[in-house]
Amino acid sequence: MKLTLEFGGGLELLCDSIKIHKVNVEPQGEEKKITLKHLLSWVRTNLIKERPEMFMKGDTVRPGVLVLINDCDWELSGQLETVLEEKDVVVFISTLHGG
Amino acid sequence: MSSNRVGQTAADIRREIAALQEAKADIDNRISALQTQLSSCVSNDGTNGTNCRTSPEPSSGGQLSADMIYRYSRQLILPSFGVEAQANLLKSSVLVIGAGGLGSPALLYLSACGVGRLGIVDHDVVELNNLHRQIIHTEKFIGRSKVESAAASCRAINSTVQIVEHKEAFRTSNALEIMREYDIVVDATDNVPSRYMINDCCVVLGKPLISGAALGLEGQLTVYNYNGGPCYRCLFPTPPPSTVCQRCADSGVLGVVPGVIGCLQALEAIKVAGVVGEPLSGRMLLFDALSARLRVVKIRGRSSKCEACGENSTLTEEQFCNFDYESFTQSPLSTSPLKLHLLPADARITSNEYNERNLKGEPHILLDVRPAHHYKITSLPKSLNIPLESLEGRLSEIATAFEREEESNTTATGEASRVPSLFVICRRGNDSQRAVELLHKKGFPFAMDIIGGLESWSQDVDPKFPIY
């Protein structure tokens, strides 16, 4: 499944400072669907090069990271259980506090 | 004119300067007196000073005076803004917390557009390295209070706006008292505990919160606690780990980036105050300056489980006052730089001691562990740059440097000298301690930290060495 993943607010520093990643993610094992939970573990294995604790806590994103699926907060689509579709754009953004 | 001055002596010029300064002080005093008079007019009359007018009341334009109609004419003739929105604006009061990178443009536009009363909170003073982004301040205010400086700029733009100066840090002890007097709050602060504290105070007092943030080349903006929309805690019930919270002083920021976000904060405050348009509630604007991309995303609504604004929440004024935001977020409210103490005293020397040992010709290696782009700004001569992040993988370079140093000393003196010392330096003396800890474990037990880094070098040894 082709997906566009974007990292912002400093999270891009964890994956070679590249903000936009066009990726191909395949469902795991018997599963036919790709959920956000699956995607997160894929990202952690395949894209995050350093300090994974800056991105995840347990099986979800760490506090202070917003997940947006096609420009919508993942809270509105079921968080980890959200099922992804072909060509979805998933944005991971760390909140900023500077001023 | 200049020809008249040819015959002037230094004493004449000094006398003239003194006379002009005296005249200037008189004018300043007169301005302050008039401002005080004006604010009492404003507080006695919600229509912002129309009682002060000496000329007859205008026959049109509702409660706007002729001067006001002229001043605000370009926004009055906007069909979707007009007299109603301007009148709403003139009746409204806005509190801007933080007169820095975000607060500067926000305050300039809010005073220019004619809000009735504008409060400014900040405890800090203006520094030279603020001026690239904190555009409300000028060189002549360096060393003086940011609030005084910002207030002077706002008054210079629009003397009809009542400017209220709060020269103090925003704390739970004064937050309610200050914020209660305003209709709308602009969060232009730069740290996590302040953001939670301001949010909670807005929830307790029922004030809309225009929240902006900027760092590096990115910015974010949204309106919280507005018209049943979410608050900051609905979105971020748990604070981020303190290790991920970066500051402009450490990570850098391009001046115009908070400028853009601060302008948008002013815009949202104007929309809320003027009762026009659709304020950015339930949505968040994300700005990426490098790729010139600006996206608005939909965020969750008010959470019924929110600890601040949820259905079962019982956040009272008293609870707010007693809440410890620093321990909740594990980060300090003040933005003073972190000072680590990781090493025993015998593993550290001061910059002065290092200077003496270097001048005596002691063979040594000076390892600078700052990021490469910091090293390019300024560095000490003959230092070796290996950034802390890559230190573990590049230890062999230190070993090579040792061999070279030993060799050069052997040839110079004709006899084998003692093992060179290893001194580690960084910007402020935190990363150098982390580096020394690592080096001690990795075969360099004699590595020593230079206390306070290049900042202390500049302060104690070489005042000409640049600080950044």
Side-chain angles (χ1 to χ4, degrees), chain A residues 4-22 36 43-44 48-82 87-99, chain B residues 97-98 100-103 133 187-195 212-216 218-220 230 232 234-241 243-253 257-258 261-262 265 282-284 286 288 290-291 293 295-301 303 329 331 335 389:
Chain A
T4 303
L5 309 182
E6 295 192 30
F7 297 82
L11 291 179
E12 72 279 4
L13 299 174
L14 307 178
C15 28
D16 283 340
S17 295
I18 296 167
K19 286 192 167 171
I20 302 178
H21 300 253
K22 303 257 182 202
L36 241 291
V43 167
R44 184 173 176 153
I48 303 291
K49 300 285 162 63
E50 52 177 297
R51 297 173 287 169
E53 73 282 3
M54 304 283 261
F55 180 61
M56 288 183 72
K57 189 178 179 191
D59 64 352
T60 188
V61 291
R62 68 152 168 85
V65 172
L66 284 179
V67 183
L68 307 159
I69 302 157
N70 303 325
D71 286 347
C72 266
D73 191 340
W74 75 337
E75 284 276 336
L76 302 168
S77 58
Q79 292 181 310
L80 288 169
E81 306 309 320
T82 312
K87 293 186 180 163
D88 273 352
V89 179
V90 185
V91 177
F92 301 98
I93 195 146
S94 175
T95 47
L96 304 177
H97 310 99
Chain B
I97 308 174
L102 297 166
R133 66 185 189 285
D187 182 349
T189 59
D190 60 0
N191 62 81
V192 186
S194 292
R195 292 188 181 272
L215 187 79
E218 285 183 74
Q220 297 168 355
Y232 189 69
C234 295
L235 237 67
F236 306 109
T238 314
T243 46
V244 306
C245 299
Q246 302 171 6
R247 309 175 320 124
C248 292
D250 294 330
S251 308
V253 61
V257 175
I261 299 297
Q265 285 183 283
R283 295 179 294 156
M284 182 181 278
L286 309 171
D288 182 355
L290 264 199
S291 61
R293 286 186 318 149
R295 72 198 315 160
V296 175
V297 300
K298 193 174 189 308
I299 54 176
R300 67 201 75 169
S303 162
T329 58
S331 16
T335 54
E389 278 174 21

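Note that the coordinates shown come from a computational prediction; the quantities given were computed from them, not determined experimentally. In what follows, every chain begins at residue 1, and chains take the letters A, B, ... in the order their sequences are listed.
- In terms of heavy-atom pairs under 4.5 Å with chain B, the best-connected choice from A:Leu68, A:Thr95, A:Asn70, A:Val65 is A:Thr95.
- To the nearest 0.5 Å, atoms CG (A:Asp73) and SG (B:Cys234) are separated by 11.0 Å.
- Annotation: salt bridge (Lys or Arg N to Asp or Glu O under 4.0 Å) contacts of B:Arg195 (sequence neighbours excluded): B:Asp187.
- At a 4.5 Å heavy-atom cutoff, the contact between B:Pro239 and chain A is made by backbone atoms alone.
- A 6.0 Å sphere centred on CD of A:Glu53 holds more than 12 heavy atoms belonging to other residues, nucleotides or ligands.
- Within the 4.5 Å cutoff, no side-chain heavy atoms of B:Thr329 are placed close to those of A:His97.
- Residues A:Leu66 and B:Arg300 form a side-chain contact, since some pair of their non-hydrogen atoms from C-beta on lies under 4.5 Å apart.
- The closest side-chain heavy-atom distance from A:Ile93 to B:Glu218 is below 4.5 Å.
- Residues passing the side-chain contact (heavy atoms from CB on, under 4.5 Å) test with A:Gln79 are A:Trp74, A:Glu75, sequence neighbours excluded.
- For B:Arg295, the salt bridge (Lys or Arg N to Asp or Glu O under 4.0 Å) test picks out A:Glu6, A:Asp71, with sequence neighbours left out.
- Between A:Lys19 and B:Ser291, every side-chain heavy-atom pair lies at or beyond the 4.5 Å cut-off.
- Annotation for A:Pro63 and B:Pro241: closest pair O-CD, 4.0 Å, computed over non-hydrogen atoms.
- Nearest heavy-atom pair across B:Ala213 and A:Leu96 is CB-O, 3.3 Å.
- For B:Thr189, the part sitting under 4.5 Å from any heavy atom of chain A is the backbone (N, CA, C, O) and nothing else.
- Proximity to chain A (any heavy atom under 4.5 Å) is restricted, for B:Leu286, to the side chain, taken from C-beta onward.
- Only the backbone of A:Ser94 has a heavy atom closer than 4.5 Å to any heavy atom of chain B.
- Using a 4.5 Å cut-off between non-hydrogen atoms, the part of residues 8-18 of chain A that approaches chain B consists of A:Gly8, A:Gly9, A:Gly10, A:Glu12, A:Leu13.
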